[in-house]
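Structure, as structure tokens:
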Amino acid sequence: QVQLKEAGGGLVQAGGSLRLSCAASGDTADSNAMAWFRQGPGQEREFVGGINWNSEIKSYAESVKGRFAISRDNGKETVYLHMNSLKPEDTAVYYCAARRGAAVKLTAPDYNFWGQGTQVTVSS
């Protein structure tokens, strides 16, 4: 089992920045590709960005391209989501996810492990 713990959420004004972190523990050899998803009120959970184990492959949702960046530090077993130029529509609970497979996938069912989520609220 892999445990994931997110941190870094909060309230920020539109145009601001936040950095989310996701610390992995447990049997981390089982976590290859990792990703961030988000779920707004009354919305389905959606893919935000993903990264493979050696950071060579990164994928982003169109809505965040050019504003968000995903990175990982395998030595610290931590994945980050750097969020810039935040908009009110970015308001959501952000979840960290990990999967046993090597490929970055874009859908939630493809991920085996999930964190509890961290709230991001962007005020206008």
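What you see is a predicted model, and the numbers here were worked out from it, not measured in a lab. The figures here come from the full heavy-atom set of this structure, side chains too, leaving out hydrogens, waters and symmetry mates.
- Summarising the local packing, CD of Q13 is surrounded by 12 or fewer heavy atoms from other residues, nucleotides or ligands at distances under 6.0 Å.
- Counting only heavy atoms from C-beta outward, the side chains of L18 and M83 approach each other to under 4.5 Å.
- Checking side-chain atoms of N32 against main-chain N and O of R100 turns up a donor-acceptor pair under 3.5 Å.
- Ring pair F47/W36: centre-to-centre distance not below 6.0 Å.
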Practice task
Evaluate the side chain to side chain donor-acceptor pair (under 3.5 Å) criterion for residues H82 and S17: first the C-alpha distance (whole Å), next the side-chain angles of each, then the deciding distance (0.1 Å), finally the verdict.
Solution key: CA-CA 8 Å; H82 309 264; S17 299; over 6 Å; no
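- Inter-residue side-chain proximity for S59 and L106 is flagged as met; some heavy-atom pair is nearer than 4.5 Å.
- Side chains of Q119 and T121 form a contact here, defined as non-hydrogen atoms less than 4.5 Å apart.
- With a 4.5 Å cut-off on side-chain heavy atoms, R38 and E46 count as touching.
- Side-chain contact, R99 with Y111: no donor N or O sits under 3.5 Å from an acceptor N or O.
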Handout entry: Stepwise side chain to side chain contact (heavy atoms under 4.5 Å, CB included) check, Y94 with E6
Key = CA-CA 8 Å; Y94 283 69; E6 303 96 337; over 6 Å; no
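- Across all their heavy atoms, A14 and P88 have their closest contact at CB-CD, 4.1 Å.
- The two residues T78 and S21 make their nearest non-hydrogen contact at CG2-CB, 4.1 Å.
- For NZ of K58, the number of neighbouring non-hydrogen atoms (other residues, nucleotides, ligands) closer than 6.0 Å is greater than 12.
- When hydrophobic clusters are built by joining Ile, Leu, Val, Met, Phe, Trp and Tyr residues whose side-chain heavy atoms come closer than 4.5 Å, directly or via intermediates, V93 is not grouped with V12.
- At distances below 3.5 Å, at least one donor-acceptor pair connects side-chain atoms of R67 with backbone N or O atoms of S85.
- By the 4.5 Å heavy-atom criterion applied to side chains, V79 and I70 are counted as neighbours.
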Exercise for the section: Assess whether side chain to side chain contact (heavy atoms under 4.5 Å, CB included) is satisfied between V48 and Y60, documenting all intermediate values. Expected result: CA-CA 6 Å; V48 175; Y60 298 97; 6.0 Å; no
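- Between L20 and T118 there is a side-chain heavy-atom pair separated by less than 4.5 Å.
- Taking the ring axis of Y95 as reference, the NZ or CZ atom of R45 stays within 45° of it and closer than 6.0 Å to the ring centre.
- Side-chain contact between M34 and V104: absent, with no pair of heavy atoms (C-beta onward) separated by less than 4.5 Å.
- Looking only at distances, no side-chain donor or acceptor of N74 sits under 3.5 Å from a matching main-chain atom of E77.
- With contacts defined as side-chain heavy-atom distances shorter than 4.5 Å, the pair L81/F68 qualifies.
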Practice task
Decide side chain to side chain contact (heavy atoms under 4.5 Å, CB included) for V2 and L4; before the verdict, give the C-alpha distance in whole Å, the side-chain angles of both, and the deciding distance to 0.1 Å.
Solution key: CA-CA 7 Å; V2 176; L4 302 174; 3.8 Å; yes
